[in-house]
Amino acid sequence: AVDTIKVWLESMQVFIENGLITVKNLVAEKITAQKASLDKIELKDEDTGEIYCVKIKSGALSSVSGECSQ
């Protein structure tokens with residue numbers, strides 16, 4: 001039964017290994033977490049709706065217009 005569920009989840013690009021769940025894309029209305037580790041984050045400007053890639057480089061917060069590159 002567990003193998004059947006695992007195969008079904010993997011068919012939807014959801015992978016579970018050693019307690020870690022990997023998905024290609026996640027859409028949620030709200031996410032609550034104790035801790036998050038991010039390299040970059042995309043934020044939307046409230047006034048213009050334009051997307052910015054936000055990151056920290058050499059200890060300084062910086063943003064670049066447009067989506068974050070992979």
Side-chain angles (χ1 to χ4, degrees):
V2 172
D3 288 336
T4 302
I5 293 170
K6 187 173 181 180
V7 169
W8 179 73
L9 287 170
E10 288 176 358
S11 73
M12 294 185 298
Q13 299 296 303
V14 176
F15 302 94
I16 302 172
E17 181 115 5
N18 298 323
L20 180 67
I21 299 173
T22 304
V23 295
K24 183 167 178 85
N25 290 297
L26 174 66
V27 177
E29 190 166 317
K30 180 180 178 180
I31 297 174
T32 302
Q34 293 290 322
K35 180 180 175 181
S37 177
L38 304 168
D39 294 328
K40 305 170 204 167
I41 188 166
E42 291 179 8
L43 297 174
K44 186 185 290 186
D45 185 295
E46 287 184 351
D47 293 331
T48 66
E50 189 174 356
I51 298 293
Y52 286 85
C53 180
V54 180
K55 57 187 172 182
I56 295 179
K57 187 171 183 175
S58 298
L61 187 64
S62 67
S63 66
V64 177
S65 181
E67 295 182 359
C68 297
S69 62
Q70 298 292 352

Could you report the tightest heavy-atom contact between Ser63 and Tyr52, atom names first, then the distance? OG-CD2, 4.3 Å
Roughly how far apart are Lys55 NZ and Asp39 CG, rounded to 0.5 Å? 10.0 Å
Evaluate whether atom CG of Leu38 has more than 12 neighbouring non-hydrogen atoms of other residues, nucleotides or ligands under 6.0 angstrom away. yes
Please round to the nearest 0.5 Å and tell me the distance separating atom CG of Leu9 and atom CD1 of Ile16. 5.0 Å
Can a donor-acceptor pair be found, under 3.5 Å and without considering hydrogens, that links the side chain of Lys6 to the backbone of Phe15? no
Does Val23 share a hydrophobic cluster with Val7, counting links as ILVMFWY side-chain heavy atoms below 4.5 Å and allowing steps through other members? no
Check: Cys53 and Glu67 side chains under 4.5 Å, non-hydrogen atoms: no
I'd like to know if the side chain of Asp45 and the backbone of Asp47 have a donor-acceptor N/O pair within less than 3.5 Å. yes
Set of side-chain hydrogen bond (donor to acceptor under 3.5 Å, both in side chains) partners for Thr4, sequence neighbours left out: none
Consider only side-chain heavy atoms of I, L, V, M, F, W and Y, link residues closer than 4.5 Å, and tell whether Leu43 and Ile56 are in one cluster. yes
Is a side-chain donor-acceptor pair under 3.5 Å present for Thr22 with Glu17? no
Determine, using the 4.5 Å side-chain heavy-atom cutoff (strictly less than), whether Leu26 and Val14 are members of one ILVMFWY cluster. yes
Looking at Glu42 and Cys68, would you say the former's side chain and the latter's main chain have a donor-acceptor pair under 3.5 Å? yes
